[in-house]
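These notes concern the structure reproduced below.
Here is how names work: the chains are called A, B, and so on, in the same order as the sequence lines, proteins then strands, and each is numbered from 1. These numbers come from a predicted model, not from an experiment.
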Amino acid sequence: MLEIRDLNVEVEGKEILHDINLTIGTGETHALFGPNGGGKTTLLMAIMGFPRYRVIKGQIIFNGKDITKSSLDERARLGIGMSFQRPPVVRGVKTRDMVAACVESRGPKDDSAIDELAKRLNMGELMDREINYGFSGGEIKRSELLQLLAQEPELVLLDEPESGVDLVNMSLIGEMINELLQKDLKRRRTRSCLIITHTGHILDYVHASKGYVLLDGTIPCERAALEVLDSIKENGYEGCVKCLCQTD
Amino acid sequence: MSMPDRLTATKKRKELAEKALDKKAALGADIDVAAYSSSVDERPYQEKPEQINREEKEQMLGVGVTLDDLSQRGGTFVQMDNSVVHSSSSQDGVEVMGISQAQEKYDWLEDYWWRAVSVDADKFTAHVELEQNNGYFIRTLPGVKTVYPVQSCLYLAHSNLAQKVHNIIIAEEDSELHIITGCATHPMQASGLHLGVSEFYIKRGARVTFTMIHNWAPEIAVRPRSAAIIEENGIFLSNFVCMKPVRTLQMYPAANCIGNNSVVRFSSVLVAPPGSHLDIGSRVLLNGKGSRAEIISRAITTGGDIIARGYIAGSAPDVKGHLECRGLILSEEQGGIIHAIPELKGELAGVDLSHEAAVGKIAEEEVEYLMARGLTRDEATAAIVRGFLQVDIEGLPPQLATELKQAVETSEKELF
């Protein structure tokens with residue numbers, strides 16, 4: 001579904017990512033680990049197509065189509081969706097308006113479906129609040145996931161979905177992600193996901209097959225997600241990279 | 001006031017007005033009132049306002065005044081140029097009529113004349129006193145609550161006319177009055193001047209919501225002069241929408257909360273297209289113990305200039321006031337200015353006054369956030385502007401809130 005070839009990305013003239021290669025098949029979930037400032041968010045923003053994250057070399061292929069030069073909104077309409085770690089407050093725009101925009105981006109608007117979705121996820125009280133204004137960490141994550149559930153993207157990019165979420169809400173977040181990724185369909189699922197996780201806690205709820213460490217703007221190797229996580233816990237990021245890469 | 005006293009007061013008022021005829025206003029560009037015509041043909045009175053011609057009715061509909069079906073209105077007043085074309089009330093205890101008719105009916109109306117606004121505030125108030133052409137009188141009797149809003153329209157059709165009106169609104173004790181008022185011009189109107197004095201008297205325990213929509217034209221000059229006096233436990237909610245071009249509009253309505261626990265809230269939605277100059281503010285004097293004020297304005301320039309003022313003075317114990325002014329400069333090519341001037345004055349320990357003001361362009365981060373959900377750049381910008389203009393107005397009856405929303409949405413579409 002997603003193929004990244006030799007991708008180099010710069011932000012405000014400074015190269016952050018170097019020669020990234022990554023392939024995510026249909027229905028697969030991959031996890032991206034790494035220290036702060038390593039370039040994880042930059043990679044997600046570049047895949048999503050934010051103009052500030054400029055591709056200077058390489059290609060992004062989505063469903064066989066080269067989208068390297070496609071605009072942000074084109075990519076969203078093609079089926080890429082992202083949950084932001086710290087989304088902006090948009091005064092006057094209600095959560096309901098955002099969810100409606102997500103639904104509209106894939107077809108005619110259906111108000112009752114939005115309300116049903118919000119009700120089912122116990123998010124009725126967030127719907128008439130200004131988006132992200134005064135939201136707690138958990139509310140931000142739930143609102144982001146609700147928008148993605150409405151948008152139904154084929155490729156889901158999740159930027160630290162567990163940060164700022166308390167333990168009680170963690171399982172709810174996990175359930176929402178599993179629903180988003182059609183986990184009930186097992187091998188027949190069509191949605192793919194790239195998930196950034198700092199702590200790995202979300203992997204207690206969401207199954208990821210592959211894992212990567214993004215260190216200093218590069219991805220030295222790939223392994224099973226839990227294997228990478230264990231190695232990080234044992235050896236730290238740099239130790240993990242050394243250890244796993246040596247076994248290649 | 002006895003009859004001789006009233007006559008003396010009238011004489012004194014006229015003298016004050018005479019002296020102020022050349023007095024420039026403290027704010028706003030000066031206007032030569034003499035350059036506008038004062039005389040215009042009388043328009044016939046219409047017993048049934050639906051008989052007003054379709055083109056003009058549509059202009060009035062654009063400012064929330066509906067004349068084809070009065071079933072959802074507690075009363076209707078229409079003034080076209082200088083003629084009262086229709087006035088009626090459809091609820092007992094709600095009075096709606098031309099101010100001249102009210103002067104004939106009630107001797108005591110003189111006691112309210114220029115009590116809230118000074119007759120010699122500037123040349124515009126003076127001209128209204130000396131050359132007044134009607135205006136409206138709306139009153140709810142004690143304890144009466146309007147089921148449907150009263151509507152009024154001041155309409156300018158004759159080219160180069162100076163329309164000088166004096167309006168008086170009285171909500172007697174424990175009454176509730178909702179008014180929607182629209183100012184509009186004939187589609188072919190070339191130029192004109194509107195001078196409107198409005199005095200509001202909100203008695204003990206009364207509640208008034210006043211929603212005013214202005215749809216002028218690019219060559220119209222407008223100088224409203226309004227003030228409200230709010231007694232104990234009285235509530236005054238004033239909403240103002242001006243999103244169409246107007247050459248120059250300057251107003252600084254004032255609310256004097258003289259009663260304990262009185263409440264006032266001003267909300268304004270302003271858009272200045274190229275060539276428009278708006279100098280608009282709201283002023284509140286919190287003189288009653290425990291009185292409260294809120295002033296909220298949203299200003300957008302697409303090339304015109306906006307001065308957004310706000311002033312709250314607290315001079316009684318336990319008063320609370322908040323002022324919020326936000327401005328958006330929408331077009332880099334067309335330019336435009338937003339100048340926010342929020343002012344707070346506390347005269348006593350224990351007053352609680354605050355303000356926040358922000359002027360800028362739409363944040364790129366917000367646009368991109370919406371684009372990441374599949375909206376195009378233009379759609380994202382429109383959604384942000386729509387949200388920006390969405391002032392949640394408390395206390396409006398649902399029907400009025402819907403109509404106000406529609407009026408804002410209709411004008412929004414013209415922004416892009």
Side-chain angles (χ1 to χ4, degrees), chain A residues 44-53 70-107 109 128-133 140 143-144 146-153 155-157 159, chain B residues 239 241 243 267-271 296-300 322 324-330 340 356-394 398 401 404-405 408-409 411-412 415:
Chain A
L44 256 56
M45 299 298 252
I47 298 170
M48 192 69 235
F50 281 85
R52 212 163 78 85
Y53 300 79
S70 302
S71 67
L72 169 61
D73 54 317
E74 275 174 61
R75 295 187 204 195
R77 287 193 298 274
L78 280 172
I80 304 178
M82 178 166 173
S83 138
F84 294 78
Q85 196 189 348
R86 288 186 206 91
V89 171
V90 190
R91 295 297 302 269
V93 174
K94 307 245 166 83
T95 308
R96 179 182 301 286
D97 304 327
M98 287 297 288
V99 177
C102 292
V103 174
E104 268 175 35
S105 71
R106 62 179 168 83
K109 185 180 164 187
D128 291 311
R129 283 171 57 187
E130 292 174 289
I131 190 82
N132 304 323
Y133 184 64
I140 285 180
S143 146
E144 288 290 300
L146 177 69
Q147 291 172 56
L148 289 182
L149 281 162
Q151 197 180 344
E152 295 182 346
L155 173 65
V156 180
L157 307 171
D159 193 351
Chain B
N239 310 301
V241 176
M243 299 177 71
S267 306
S268 313
V269 174
L270 314 171
V271 175
I296 293 176
S297 79
R298 299 277 184 274
I300 288 184
H322 181 68
E324 182 188 309
C325 172
R326 291 171 56 205
L328 265 188
I329 299 170
L330 215 54
E356 54 178 299
V359 176
K361 62 174 187 175
I362 294 178
E364 186 62 17
E365 186 191 21
E366 295 175 23
V367 175
E368 288 177 354
Y369 183 51
L370 269 69
M371 287 172 75
R373 302 298 184 224
L375 273 66
T376 62
R377 177 168 287 277
D378 285 350
E379 287 167 346
T381 306
I384 292 167
V385 169
R386 199 177 311 128
F388 177 83
L389 293 175
Q390 202 77 55
V391 180
D392 281 329
I393 292 166
E394 289 169 22
L404 184 63
K405 201 173 166 205
V408 172
E409 280 174 3
S411 303
E412 256 167 33
L415 286 174

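- Atom-to-atom distance recorded for A:R77:CZ and B:R373:CZ is 14.5 Å, nearest 0.5 angstrom.
- With rounding to the nearest 0.5 angstrom, the CG atom of A:D73 is 8.0 Å from the CD atom of B:E379.
- The shortest distance between side-chain heavy atoms of A:M98 and B:L375 does not fall below 4.5 Å.
- Summarising the geometry, atom CZ belonging to A:R52 is positioned 8.5 Å from atom CD belonging to B:E368; distances are rounded to the nearest 0.5 Å.
- With sequence neighbours excluded, the residues that form a ring pair (Phe, Tyr, Trp, His ring centres under 6.0 Å) with A:F84 are A:F50, B:Y369.
- Taking all atoms of both residues into account, the shortest heavy-atom contact from B:G374 to A:A76 is N-CB, 3.5 Å.
- The CG atom of B:L370 lies 8.5 Å from the CD atom of A:Q147; values are rounded to the nearest 0.5 Å.
- A:I131 touches chain B through its side chain: at least one heavy atom from C-beta onward sits under 4.5 Å away, while N, CA, C and O do not.
- Of all heavy-atom pairs between A:V93 and B:I384, the closest is CG2-CA, 4.2 Å.
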